[in-house]
Amino acid sequence: MNEEEDDMLELLDDDELIAESAHNEALGHAEESSDDSPDDELELEESEEEEELALEDSGEEQLGQPEPEPEPATEKEGLEVDVRYLIVAAVAIAAILVGAVLFVLPMFSDKAPDVSFNPSQTGEDLFLYHAGGAQLSKEFLTVQINGAPASPDKYMLMGGGNWPWSSGTVLRVDTSGYTKPAVVTLFYKPKSTEYTVYTTTVQPSQTQTPEPVTTPEQPEQQAPAQNVTPGAPPAGPQPVAPEVTPQQVPPTPLATSVPVAAPVSAGGVVMDVQPAAGSAPLTVQCNDLSTGCIRNRVWSFGDGMTTMKRSPTHVFPFPGTYNISLDVRFCDPEDDQVPPTRQVVVAPSNRQDTIIQGTGKAEISVDAKIFFTVKGPGTTVRIGGRDHTLKSGDHVELILGSGGSGDLSVVSKAILKCDYSNVTMVVNGEEVENGTVSAINIDQYLQFETADLTIKVQAGRDGAKGLVGGQPVINAAKGQQITFSNVGTDSLGKLLFSVQDSAGFTFRGGVGSYDVSTPPPL
């Protein structure tokens, strides 16, 4: 029994050892499984991703077998890139072509300016009258004398003209100091090509330039023949050597007798108007010769102006035909009559284009008158420190009470300057202001005229030279006086007068007559 019990106990002990070892093994496996689980999960995830990539590759390979896509897709993208490059290249080429057209084509389209000149010479001065054609800018013009460029002070536009050199203006070229005959050439280079627009030769001055005179023309007297054999037939006319600088002096208009018109009467109303015709500006003297008991009278001049004076003086500045009437009211209404009228005909003024400049003094005569009719609204005249606004149709008269050497500029149907003191302004027949004109803005006028405007010039150290009717007939020496009468606008509507103490004076306008004289010594 004891041996059996011992054997039973040993078996139980072995079973417990076996169970305990089994239990320990189970715990060891659990710990190992818990320690190794993250790595296993990562391995599983990596294996799954590799399987998915393998499946995708295999799927793409399987899909690509019937229709190969990758290589054609790459070619298409390359074609699209090539097309874009082609478009950019085409745009660049087009831009280059446009630039070539804009910059190269004008070089091929460059051409010589079409312009003509009328030359004349007095002394050593060459005068080039722009007779028409293209305007010439100063920056493109080169004046050469005897093959060398002339300094800018050797040529200038006369009469205060401004560049560009346009039709109707005169360029004066001074050739003093150059060997004669002197070759004067004008080059013009507006773009890439230089053109010769004019060339001429200035001859040496052999004779003194004659001075214009205002005496009536005398019949030419023939000099007695010399060394003529008695009884021999008279010698034929001898050839006369041509003058180098022929001078054409404009004849002074001779005074013409104006027929006196008889007074006009109607009942007891008698009116006298003298003269009844003449050139603009025409001054007319009117007289009321009516008798009896008169209550009132009104003169109407046919140009919108009226007055109640008995013997008024009226100026018709503009050409036209005007009917002057006199309406007289008597004390007895039964004596009233239909107003009589007198027709007055005003012809255009006869003036010659004149340009002159030089050193010395110049001034406008006292009581010179300027007339104009306003065209547009918004024009103003500042006189006596006050601005006066004018309206379209206003008739304006400026009376230069003191005259003087201020600036006057009329150009392009506009009045740009009228800088004078002691000026009286009359608008539509009524005096509105007196004082200094400090600003004038008449950008448009319908008509413009002057009356009693005379310019006197006292030539300075360098004298004064000028053109009348395009001819260089004025050449006043130092100290001589030039008097321009009946001054107004020229054929182009310009009237420019400016005096600078240091630079002298310039004048351009129309002149009825002129005279050059030497004042007696003091």
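Remember, it's a predicted structure, so these values are computed and weren't measured experimentally.
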Peer 1: Give the intermediate values and the outcome of side chain to side chain donor-acceptor pair (under 3.5 Å) for residues Thr424 and Asn434.
Peer 2: CA-CA 4 Å; Thr424 301; Asn434 179 273; 2.7 Å; yes

Peer 1: Is there a side chain to side chain donor-acceptor pair (under 3.5 Å) between Asp353 and Ser491? Walk through the geometry before answering.
Peer 2: CA-CA 7 Å; Asp353 291 356; Ser491 59; 2.6 Å; yes

Peer 1: Under a 4.0 Å N-O cut-off, is there an ion pair linking Asp288 with Arg310?
Peer 2: no

Peer 1: Counting only N and O atoms by type, is there a donor-acceptor contact under 3.5 Å from the side chain of Lys180 to the main-chain atoms of Tyr178?
Peer 2: yes

Peer 1: In this structure, which one of Asn441, Thr436, Asp387 forms a side chain to side chain donor-acceptor pair (under 3.5 Å) with Arg382?
Peer 2: Asp387

Peer 1: Mark yes or no for whether Thr307, through its side chain, and Trp299, through its backbone, hold a donor-acceptor pair below 3.5 Å.
Peer 2: no

Peer 1: Would you sort out whether Phe117 and Trp165 count as a ring pair (Phe, Tyr, Trp, His ring centres under 6.0 Å), showing the intermediate values?
Peer 2: CA-CA 11 Å; Phe117 305 103; Trp165 184 12; 4.9 Å; yes

Peer 1: Is the backbone of Gly479 close enough, under 3.5 Å, to the side chain of Gln458 for a donor and an acceptor to pair up by distance?
Peer 2: yes

Peer 1: Verify the distance criterion only: is there a donor paired with an acceptor across the side chains of Gln480 and Thr518 at less than 3.5 Å?
Peer 2: yes

Peer 1: For Phe371 together with Phe318, are the ring centres under 6.0 Å from each other?
Peer 2: no

Peer 1: Decide side chain to side chain donor-acceptor pair (under 3.5 Å) for Thr341 and Ser325; before the verdict, give the C-alpha distance in whole Å, the side-chain angles of both, and the deciding distance to 0.1 Å.
Peer 2: CA-CA 4 Å; Thr341 61; Ser325 64; over 6 Å; no

Peer 1: With distance as the sole test, does Ser265 use its side chain to make a donor-acceptor pair with the main-chain N or O of Pro263 at under 3.5 Å?
Peer 2: no

Peer 1: Decide, yes or no, whether a salt bridge links Lys369 with Asp367 under the criterion of side-chain N to carboxylate O below 4.0 Å.
Peer 2: no

Peer 1: Among Thr196, Leu128, Thr142, exactly one meets side chain to side chain contact (heavy atoms under 4.5 Å, CB included) together with Leu186. Which residue is that?
Peer 2: Leu128

Peer 1: Any Lys/Arg nitrogen of Asp125 or Lys465 sitting under 4.0 Å from an Asp/Glu carboxylate oxygen of the other?
Peer 2: yes

Peer 1: Taking atom types as modelled, is there a side-chain donor on Gln337 or Asp335 under 3.5 Å from an acceptor on the other?
Peer 2: no

Peer 1: With a 6.0 Å cut-off (strictly less than), is the heavy-atom count around CG of Asp114, excluding the residue itself, greater than 12?
Peer 2: no

Peer 1: Quick one, Glu139 and Ser137 - any side-chain contact, counting heavy atoms below 4.5 Å?
Peer 2: yes

Peer 1: Tyr420 side chain to Gly406 main-chain N or O, any donor-acceptor pair under 3.5 Å?
Peer 2: yes

Peer 1: Any chance the side chains of Lys154 and Thr175 put a donor and an acceptor closer than 3.5 Å?
Peer 2: no

Peer 1: Indicate yes or no: at least one non-hydrogen side-chain atom of Leu171 is less than 4.5 angstrom from one of Tyr129.
Peer 2: no

Peer 1: Between the side chains of Asp407 and Ser498, is a donor N or O closer than 3.5 angstrom to an acceptor N or O?
Peer 2: yes

Peer 1: Go through Lys478 and Asp462 one step at a time and tell me if the salt bridge (Lys or Arg N to Asp or Glu O under 4.0 Å) criterion holds.
Peer 2: CA-CA 6 Å; Lys478 177 182 178 181; Asp462 298 327; over 6 Å; no

Peer 1: Would you please indicate if the ring centroids of Tyr188 and Tyr195 are separated by under 6.0 Å?
Peer 2: no

Peer 1: Tell me if a side-chain donor or acceptor on Asn287 pairs with a main-chain N or O of Leu289 at a distance below 3.5 Å.
Peer 2: no

Peer 1: Verify ring pair (Phe, Tyr, Trp, His ring centres under 6.0 Å) between Tyr322 and Phe301, making sure each step is shown before the conclusion.
Peer 2: CA-CA 7 Å; Tyr322 305 90; Phe301 299 105; 10.0 Å; no

Peer 1: Would you say the side-chain atoms of Thr450 pair up with the backbone N or O of Val487, donor to acceptor, closer than 3.5 Å?
Peer 2: yes

Peer 1: Is Glu363 paired with Lys456 through a side-chain N to carboxylate O contact shorter than 4.0 Å?
Peer 2: no

Peer 1: Do Arg351 and Glu449 meet the salt-bridge criterion of a basic N to acidic O distance under 4.0 Å?
Peer 2: yes

Peer 1: When you look at NZ of Lys361, are more than 12 heavy atoms from neighbouring residues, nucleotides or ligands closer to it than 6.0 Å?
Peer 2: no

Peer 1: How about Leu495 and Leu408: do any of their side-chain heavy atoms sit closer than 4.5 Å?
Peer 2: yes

Peer 1: I'd like to know if the side chain of Ser290 and the backbone of Val270 have a donor-acceptor N/O pair within less than 3.5 Å.
Peer 2: yes

Peer 1: Give a yes or no on whether a salt bridge exists between Arg329 and Asp336, defined as a side-chain N under 4.0 angstrom from a carboxylate O.
Peer 2: yes

Peer 1: Heavy-atom distance under 4.5 Å between the side chains of Tyr445 and Thr373, does that happen here?
Peer 2: no

Peer 1: Mind checking whether Ser409 and Ile415 have side chains closer than 4.5 Å, heavy atoms only?
Peer 2: no

Peer 1: Would you indicate whether the side-chain heavy atoms of Val345 and Phe316 approach each other to under 4.5 Å?
Peer 2: no

Peer 1: May I ask you to decide if His395's main-chain N or O and Asn428's side chain share a donor-acceptor pair within less than 3.5 Å?
Peer 2: yes

